[in-house]
Amino acid sequence: MKNQLLFIAFLTFSKLNAQIKITQIHLNAGSFMDIDNSKNKLSDFTLLAPGSSILSKDFSAYQQNGYFFSGFMMGDNFNQSNSSNFQSIQLGLSFAKCPKGTLRIGISNVHSELLNASGRYYESYVVDTLFSSQTGQMYFVDSTISSSYNGNYSNDQLRLDAAYIFEANAGKRWGFHAGLGLSIGMSYRSTTTLRTEEYIQPYSGYEGTSNSQNIESETYGNFMVMGGSAYIPLGINFKLGNKREFWKPFVIYNEFRPTIQLNSIPNNTVKFNVGFGSSLGLRYNLPSNK
């Protein structure tokens with residue numbers, strides 16, 4: 001019985017080996033940016049950062065979605081867009097029954113910024129009054145306070161990533177490809193970071209004072225969650241060599257990816273994002289077994 005099972009397994013493997021060939025190796029990296037204009041609030045982090053002293057503060061006077069860093073205003077929409085970046089290694093599989101298509105399958109490491117909220121507060125006030133000894137003119141000495149808060153939730157995921165690709169002008173110097181891709185995986189690191197910053201800048205001509213900065217930061221580890229995406233890879237390919245044997249198997253490609261992302265937020269909800277991604281890849285075509 002054992003020998004029969006081994007014989008069946010051998011026949012199955014031989015048949016699959018005849019039908020499926022590993023023809024390519026891919027390395028690529030890229031990023032994704034969503035087109036969601038909705039803004040997160042600091043209250044969205046309550047379940048992600050239990051017991052936070054920063055969240056217990058009153059930020060009602062702050063203007064939302066603005067951010068100060070070291071006394072410089074970064075703009076009303078700084079760090080608000082959700083984004084991801086990824087790196088992947090994949091194999092290209094060709095099928096005897098569908099020789100014009102290639103299944104690109106492998107592992108991707110994805111870092112996603114999924115929740116961002118920020119706010120700013122600016123105040124200028126008089127700290128002293130000076131009089132000119134020559135003219136008697138009165139001068140007001142101002143000081144400014146720039147305060148900000150920032151909340152961020154991000155995670156790192158390991159995903160199974162597969163895309164079925166059809167290529168035009170295969171083997172030529174320039175080529176194009178298109179297909180459909182899916183990825184799904186689980187986070188191995190999930191982090192919430194909260195930060196407040198206060199920067200006090202006195203009047204520059206007023207002696208005896210100096211700039212001061214107060215920073216408070218908190219970091220929380222969150223439990224693992226699932227994530228996934230569906231995308232349409234649209235690429236342009238460039239073969240590195242037509243004459244030199246060493247360069248002939250190498251192809252570099254740039255890919256544009258309309259993408260739909262689904263990510264779970266711990267103790268919160270499932271976040272759905274639509275946007276666009278791009279990647280830069282290197283492909284190595286393995287020698288044919290023919």
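Just so we're clear, the structure is a prediction, and the values are computed from it rather than from any experiment.
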- Exercise: identify the closest heavy-atom pair between Asn263 and Gly227: OD1-CA, 3.7 Å
- Decide whether Met224 and Leu158 are clustered together by the hydrophobic rule: side chain heavy atoms of Ile, Leu, Val, Met, Phe, Trp, Tyr closer than 4.5 Å, transitively. no
- Message: Using a 3.5 Å distance criterion without hydrogens, assess whether the side chain of Ser52 forms a donor-acceptor pair with backbone atoms of Ile54.
- Response: yes
- Any side-chain heavy-atom pair of Tyr153 and Asp44 under 4.5 Å: no
- Task: Say whether Ile20 and Leu91 are linked into one hydrophobic cluster, either directly or through other cluster members, by side-chain heavy-atom distances under 4.5 angstrom.
- Result: yes
- Note on the structure: Closest non-hydrogen contact found for Ser229 with Gln261 is CB-OE1, 3.5 Å
- Can you find a heavy atom in the side chain of Ile25 that is under 4.5 Å from one in the side chain of Leu286? yes
- Item | Closest heavy-atom pair and its distance - Asn28, Gln90 | ND2-OE1, 3.4 Å
- Message: When you compare the side chain of Arg159 with that of Ile184, does any pair of heavy atoms fall below 4.5 Å?
- Response: no
- Query: Is Leu48 close to Pro266 at the side-chain level, that is, under 4.5 Å between some pair of heavy atoms?
  - Reply: yes
- Message: Against Asn152, only a single residue in Thr193, Asn116, Asn40, Thr192 fulfils side-chain hydrogen bond (donor to acceptor under 3.5 Å, both in side chains); can you say which?
- Response: Asn116
- Query: How about Tyr62 and Ser148: does a side-chain donor come under 3.5 Å of a side-chain acceptor?
  - Reply: no
- Message: Assess the residue pair Lys41 and Gln64 against the criterion (side-chain contact (heavy atoms from CB on, under 4.5 Å)); give the C-alpha distance rounded to whole Å, side-chain angles, the decisive distance to 0.1 Å, and a yes or no.
- Response: CA-CA 8 Å; Lys41 299 179 181 179; Gln64 290 188 21; 4.0 Å; yes
- Side-chain contact test, heavy atoms from C-beta onward, threshold under 4.5 Å: evaluate it for Leu115 versus Phe45 and give yes or no. yes
- Query: Taking it one step at a time, do Lys57 and Glu198 satisfy salt bridge (Lys or Arg N to Asp or Glu O under 4.0 Å)?
  - Reply: CA-CA 14 Å; Lys57 296 180 179 180; Glu198 182 181 70; over 6 Å; no
- Message: Suppose the criterion is ring pair (Phe, Tyr, Trp, His ring centres under 6.0 Å): which pairs have a residue in residues 161-185, not counting sequence neighbours?
- Response: Tyr164-Phe166, Trp174-Phe238, His177-Tyr253
- Closest non-hydrogen atom pair between Lys239 and Gly171, with its separation: NZ-O, 3.4 Å
- Message: When you compare the side chain of Phe32 with that of Asp34, does any pair of heavy atoms fall below 4.5 Å?
- Response: yes
- Message: Just so I know, are the side chains of Ser53 and Glu216 near enough to count as touching, which here means a heavy-atom distance under 4.5 Å?
- Response: yes
- Query: Between Ser183 and Ser108, does a side chain to side chain donor-acceptor pair (under 3.5 Å) hold up when you go through it step by step?
  - Reply: CA-CA 8 Å; Ser183 71; Ser108 292; over 6 Å; no
- Task: Verify the cluster assignment for Ile252 and Ile236: are they in a single hydrophobic cluster under the rule of side-chain heavy atoms below 4.5 Å apart?
- Result: yes
- Please test Ser154 against His111 for side-chain contact (heavy atoms from CB on, under 4.5 Å), starting from the C-alpha separation and ending with a verdict. CA-CA 7 Å; Ser154 65; His111 174 79; 3.8 Å; yes
- Task: Evaluate the side-chain proximity of Asn169 to Asn237: yes if any heavy-atom separation is below 4.5 Å, no if none is.
- Result: no
- Message: For a side-chain contact (heavy atoms from CB on, under 4.5 Å) check, start with the C-alpha distance between Tyr122 and Arg120, then their side-chain angles and the critical distance, and finish with the verdict.
- Response: CA-CA 7 Å; Tyr122 178 84; Arg120 72 169 184 262; 5.9 Å; no
- Message: Would the distance check show the side chain of Asn155 and the main-chain N or O of Thr191 forming a donor-acceptor pair, the cut-off being under 3.5 Å?
- Response: no
- Task: Calculate, to the nearest 0.5 Å, the distance between atoms CG and CD1 belonging to Leu160 and Ile107 respectively.
- Result: 5.5 Å
- Same cluster or not: are Phe86 and Val274 linked, directly or through other Ile, Leu, Val, Met, Phe, Trp or Tyr residues, by side-chain heavy atoms under 4.5 angstrom apart? no
- Under a 4.5 Å side-chain heavy-atom rule over Ile, Leu, Val, Met, Phe, Trp and Tyr, are Val270 and Ile260 clustered together? yes
- Task: Please assess Leu194 against Tyr149 for the test side-chain contact (heavy atoms from CB on, under 4.5 Å), listing each intermediate value before the final yes or no.
- Result: CA-CA 8 Å; Leu194 302 172; Tyr149 68 77; over 6 Å; no
